Amino acid sequence: MKISETHKVPLLEKSIRLQEYGVGIFNTVSTKSSLKKAIKKELILVNRTVASTALFIKGNETIELLESEKEINAKKFIFPLEILFEDDYLAIIYKPSGILVSGNSFATIDNALSQNLQKSLQIDGVRPRPVHRLDYPTSGLLLIGKTKSSIIALNKLFENKTIQKTYHAISIGKMKKAGEINISIDSKNAFTSYEVSNTVTSKRFGYLNLVSLKPKTGRKHQLRKHLLAIGNPILGDKEYYINDLVLKGKGLYLHASSLEFIHPFTKEWIFITKELPSKFNKIFPL
């Protein structure tokens with residue numbers, strides 16, 4: 001069989017099971033369960049010998065992945081992505097609305113990353129993976145990890161709330177100029193601050209507001225749920241809405257507009273912004 005991918009193990013402080021060490025080292029075998037299946041199918045070689053689940057990795061081994069029949073016949077998801085920042089550790093890409101970040105579907109941002117990003121040259125380089133989520137109808141900036149240590153470090157930054165995310169939305173109804181929303185979601189604390197930068201009158205909706213949102217927590221659908229909770233749902237939201245105030249056919253007016261954090265490896269200050277989609281500008285011209 002043909003060798004699909006190769007990984008050189010660096011020096012290790014202590015030995016570790018192959019099924020633990022090997023998670024993420026290959027682009028096409030990115031989860032623990034898929035790695036285990038590949039080992040059982042005898043698709044993993046260590047120093048040119050078929051590996052077993054009992055094998056321990058000590059350091060300096062060459063791990064090879066054989067090309068499976070499924071991989072030979074698999075289609076690649078070709079989807080050009082806009083790359084706003086990239087180095088050997090991480091990347092920031094633009095996710096258009098109307099596409100999943102990850103999941104069981106073929107057409108996901110996750111499946112398109114390897115086609116768009118440069119392979120990391122770091123010894124723990126892995127298949128690029130998103131480290132947070134954006135809803136299917138939400139557009140904006142998505143942070144990607146390209147090495148094992150980067151994915152761990154970026155997740156830690158999110159846990160410690162040291163990554164600043166700003167979103168922009170168009171909300172319905174009269175709003176205060178600024179405020180804080182501290183309403184639990186699924187019995188968990190959830191906090192969002194907001195600021196209205198512009199308001200226009202609307203024959204159908206009364207008022208439409210261009211609002212910036214800064215979530216301090218990361219609950220599922222937090223911004224959408226919070227704005228509905230204060231009576232100002234997001235324009236185009238078909239899940240969290242007030243009766244008779246649903247705009248159909250234009251998508252959700254929610255956009256992840258900026259990311260701000262200290263790079264966990266280079267220590268440089270990263271501040272990336274992405275302009276609002278054109279549909280925002282039709283309501284609030286630049």
Side-chain angles (χ1 to χ4, degrees), residues 92 94-95 97-103 109-110 129-145 151-199 205 207-243 245-247 251-262 264 270-274 276-277 280:
I92 299 171
Y94 172 66
K95 184 195 97 67
S97 60
I99 185 168
L100 291 167
V101 169
S102 57
I109 295 293
D110 194 11
R129 303 304 299 270
V131 293
H132 64 113
R133 63 178 180 264
L134 290 177
D135 294 342
Y136 174 83
T138 304
S139 62
L141 302 178
L142 189 65
L143 185 55
I144 311 298
I151 290 169
I152 292 168
L154 292 172
N155 279 316
K156 198 73 178 171
L157 292 182
F158 276 112
E159 284 176 29
N160 295 336
K161 300 178 177 57
T162 50
I163 292 182
Q164 312 298 322
K165 293 192 290 183
T166 302
Y167 292 75
H168 279 84
I170 294 181
S171 65
I172 298 169
K174 200 161 190 177
M175 288 185 78
K176 292 190 293 184
K177 274 289 181 186
E180 297 176 344
I181 308 168
N182 190 1
I183 298 172
S184 296
I185 294 174
D186 300 325
S187 301
K188 294 177 181 177
N189 290 334
F191 186 90
T192 304
S193 62
Y194 72 86
E195 187 173 342
V196 175
S197 58
N198 203 350
T199 300
F205 299 107
Y207 297 92
L208 292 173
N209 314 283
L210 180 60
V211 54
S212 64
L213 301 148
K214 291 184 181 294
K216 300 295 188 294
T217 49
R219 310 302 175 205
K220 186 176 182 181
H221 297 171
Q222 176 174 318
L223 301 178
R224 299 163 69 183
K225 288 179 176 179
H226 267 178
L227 285 176
L228 176 63
I230 63 170
N232 301 107
I234 297 175
L235 187 66
D237 201 328
K238 297 176 184 177
E239 283 188 70
Y240 306 100
Y241 61 89
I242 295 172
N243 288 340
L245 293 180
V246 180
L247 178 68
L252 182 70
Y253 283 74
L254 179 61
H255 175 72
S257 50
S258 76
L259 278 171
E260 207 172 338
F261 60 96
I262 295 175
I270 305 292
F271 178 58
I272 303 293
T273 62
K274 177 63 179 172
L276 299 179
F280 279 68

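It should be emphasised that the depicted structure is a prediction, and the values quoted were computed from it without experimental measurement. Reckoned from all heavy atoms, side chains included, excluding hydrogens, waters and symmetry mates.
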[X] side chain to [Y] backbone, donor-acceptor under 3.5 Å:
X      : Y      : value
Asp135 : Pro137 : no
Lys238 : Leu252 : no
Lys95  : Thr138 : yes
Thr192 : Ile181 : no
Gln222 : Phe191 : yes

Listed by chain and number, what are the side-chain contact (heavy atoms from CB on, under 4.5 Å) partners of Lys156, not counting sequence neighbours?
Glu159, Asn160

Using the test side-chain contact (heavy atoms from CB on, under 4.5 Å), find all partners of Pro130 that sit at least two apart in sequence or belong to another chain.
Val101, Asp110, Leu113, Leu142, Ile144

Looking at residues at least two apart in the chain, or sitting in another chain, which of them share a ring pair (Phe, Tyr, Trp, His ring centres under 6.0 Å) with Phe280?
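Expected list: Tyr253.
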
Please name all residues satisfying ring pair (Phe, Tyr, Trp, His ring centres under 6.0 Å) with Phe158, sequence neighbours left out, ordered by chain then number.
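His132.
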
Distance (rounded to the nearest 0.5 Å) between Leu235 CG and Leu247 CG:
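Separation between the atoms: 4.5 Å.
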
According to the ring-ring contact (aromatic ring centres under 6.0 Å, His included) rule, which pairs have a member within residues 211-235, sequence neighbours left out?
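Residue pairs with at least one partner in residues 211-235: His221-Tyr240.
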
Hey, could you give me each pair passing side-chain hydrogen bond (donor to acceptor under 3.5 Å, both in side chains) that has a residue in residues 164-173? Not counting sequence neighbours.
Thr166-Lys214, Thr166-Ser258, His168-Ser257, Ser171-Asn209

